[in-house]
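In the text below, chain A, chain B and the rest are named by the order of the sequence lines, each starting its count at 1.
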Protein chains: 2
Amino acid sequence: MRLTTKGRFAVTAMMDLALRGDEGPVALAGVSERQRISLSYLEQLFGKLRRFKLVDSVRGPGGGYCIARPLSMVTVADIIRAVDEPLDATQCGGRENCIDEHRCMTHELWSTLNAKMYDYLSSVSLADLVARQQEKEASLGAATVLEDRRIGPHPRPRNTRDKAAVAL
Amino acid sequence: MRLTTKGRFAVTAMMDLALRGDEGPVALAGVSERQRISLSYLEQLFGKLRRFKLVDSVRGPGGGYCIARPLSMVTVADIIRAVDEPLDATQCGGRENCIDEHRCMTHELWSTLNAKMYDYLSSVSLADLVARQQEKEASLGAATVLEDRRIGPHPRPRNTRDKAAVAL
DNA sequence: ATATAGTTGACCGTAACAGTAGGTTATTTG
DNA sequence: CAAATAACCTACTGTTACGGTCAACTATAT
């Protein structure tokens, strides 16, 4: 399991979707500006997330992405696996540094570590992250963090019931 | 905490040292052949390990490296920290993707993961790995894994009491 | 004196990451 | 229908780190 900003970006973007998922599809342009992530880069990441069935896409005006399952069924491990393709680059995949047919002396060490990381990231779902985030916002009394930062007129399409940009 | 083959190589090499540490300094040339790791690469790694005081070096014929502390006082985390310099590249170090002065929504997620990885790797010492390895060898009845694979004549210097190449 | 072996620094090819740019296709709205 | 929107796709860039090589140097033991 590899850990890079790629995976972090993906989790952050999925969080953004989760927090405003009930307003219909979320456009990447919005995610890009709120989370300060390059739009084209997001498009690449969401291409992968879509191929892994973690999100559904809606094309055309008012379109965007929706999370494809209940938030409690999407774990951080799922997201990272989707974008950071080679899941277990951490281990010598049988060959490579493993001597002869014996497993290398440290083989178990790495596979155990891998499992521990995977266990943790699998234990955290988007629902958990959303709950944690809302808790934080409530205690701060501030809705600023997730405000819409778009500069232009960019009128929200359709479902903008302007339920306040705050939360779920 | 980054995980790469660099760290794996370093741990493997330290294991090699640990397993024959009582025969005096261990030359990198031997480690290189036994563990199939490029000598020059090992030299780089051990330069770092030495600067982090994890090993002591002895120059000249019969020289090599010794582990600088009791095996139980050297953890895998120590080794990885020494060679994979930027310890916590996993987190946004305060800036970078963290929005405004607020910590980004996923900040805690990553720092918790980091702590979990660190906890595990800190809980495993070279003494543990050595014990595990000897157990494995005993049950296999095979001493082949750690045999000296040098091809040339390369006579062992000094302390070669030929205590059998097997173990501690 | 000579061979050994650690020490240092420069260098190289590859691959992955992070990001950019341009285009195409589908869908909604006026 | 036409125009705007936004997903989709491909190719390309610049940077970084990894994995590894090479050559020169210094200290030490025989």
Between R50(B) (CZ) and dA5(C) (P), how many Å, whole number? 17 Å
W110(A) and G7(B) have their tightest heavy-atom pair at CZ2-O, 4.3 Å
How would you list, by chain and number, every residue that makes a side chain to side chain contact (heavy atoms under 4.5 Å, CB included) with D128(B), sequence neighbours excluded? V124(B), S125(B)
Between dT10(D) atom P and K48(A) atom NZ, what is the distance in whole Å? 13 Å
Looking at S57(A), does any N or O in its side chain come under 4.0 Å of the phosphate oxygens OP1/OP2 on dA6(D)? no
Over all heavy atoms of both residues, which pair between P25(B) and G64(B) is shortest? Give the atoms and the distance, please. CB-N, 3.6 Å
Name all pairs fulfilling the ring pair (Phe, Tyr, Trp, His ring centres under 6.0 Å) condition that reach into residues 53-77 of chain A, sequence neighbours left out, sorted by first residue then second. F46(A)-Y65(A)
With the side chain defined as heavy atoms from C-beta on, Y41(A) is closest, among dC8(D), dG6(C), dG19(C), to dG19(C)
Within this structure, what is the CG-to-P distance between D56(B) and dT28(D), rounded to whole angstrom? 14 Å
Under-4.0 Å side-chain N/O to phosphate OP1/OP2 contact, R51(B) with dT8(C): yes
Name of the residue among V83(B), I80(B), D84(B) meeting side chain to side chain contact (heavy atoms under 4.5 Å, CB included) with T4(B): D84(B)
Let me check something: any side-chain donor-acceptor pairs from residues 67-75 of chain B under 3.5 Å, sequence neighbours excluded? List them with distances.
{"residue": "R69(B)", "atom": "NH1", "partner": "M73(B)", "partner atom": "O", "Å": "2.9"}
{"residue": "T75(B)", "atom": "OG1", "partner": "A77(B)", "partner atom": "N", "Å": "3.4"}
{"residue": "T75(B)", "atom": "OG1", "partner": "D78(B)", "partner atom": "N", "Å": "3.1"}
{"residue": "T75(B)", "atom": "OG1", "partner": "D78(B)", "partner atom": "OD2", "Å": "3.1"}

Between D84(B) (CG) and dC18(D) (P), how many Å, whole number? 6 Å
Could you grab the distance from atom CD of Q133(A) to atom CG of D16(A), nearest 0.5 Å is fine? 10.5 Å
Any base atoms under 4.0 Å from F46(A), or only sugar-phosphate, or nothing? Heavy atoms, all strands. nothing
Side-chain atoms of S40(B) come closest, of dT21(D), dT20(C), dA7(D), to dT21(D)
Nearest of dC18(D), dG6(C), dC9(D) to any side-chain atom of T4(B)? dC18(D)
Give me the distances for all protein-to-nucleotides 11-16 of chain C N/O pairs that come in under 3.5 Å?
{"residue": "dA16(C)", "atom": "O3'", "partner": "R2(A)", "partner atom": "NH1", "Å": "2.8"}

Contacts of type side chain to side chain contact (heavy atoms under 4.5 Å, CB included), residue S123(B), not counting sequence neighbours: Y120(B)
To the nearest angstrom, how far is I80(A) atom CD1 from dC17(C) atom P? 13 Å
Could you run down the sub-3.5 Å N/O contacts of the protein with nucleotides 24-26 of chain D?
{"residue": "dT26(D)", "atom": "O2", "partner": "R59(B)", "partner atom": "NH2", "Å": "2.6"}

In whole angstrom, what separates F9(B)'s CZ from dA17(D)'s P? 19 Å
Return whichever of G60(A) or S38(A) has its heavy-atom-nearest nucleotide of DNA chain C closer to the 5' end. S38(A)
For A29(B) and L39(B), work out which heavy atoms get closest and say how close. N-CD1, 3.8 Å
L17(A) CG to dA6(D) C1', straight-line distance once rounded to whole Å: 14 Å
Donor-acceptor pair, side chain of S32(A) and main chain of L28(A), under 3.5 angstrom: no
Nucleotide nearest P61(B) (side chain, heavy atoms from C-beta), chosen from dA3(C), dA7(D), dG6(C): dA3(C)
Starting at CD of E43(A) and ending at C1' of dA26(C), how long is that distance when rounded to a whole Å? 14 Å
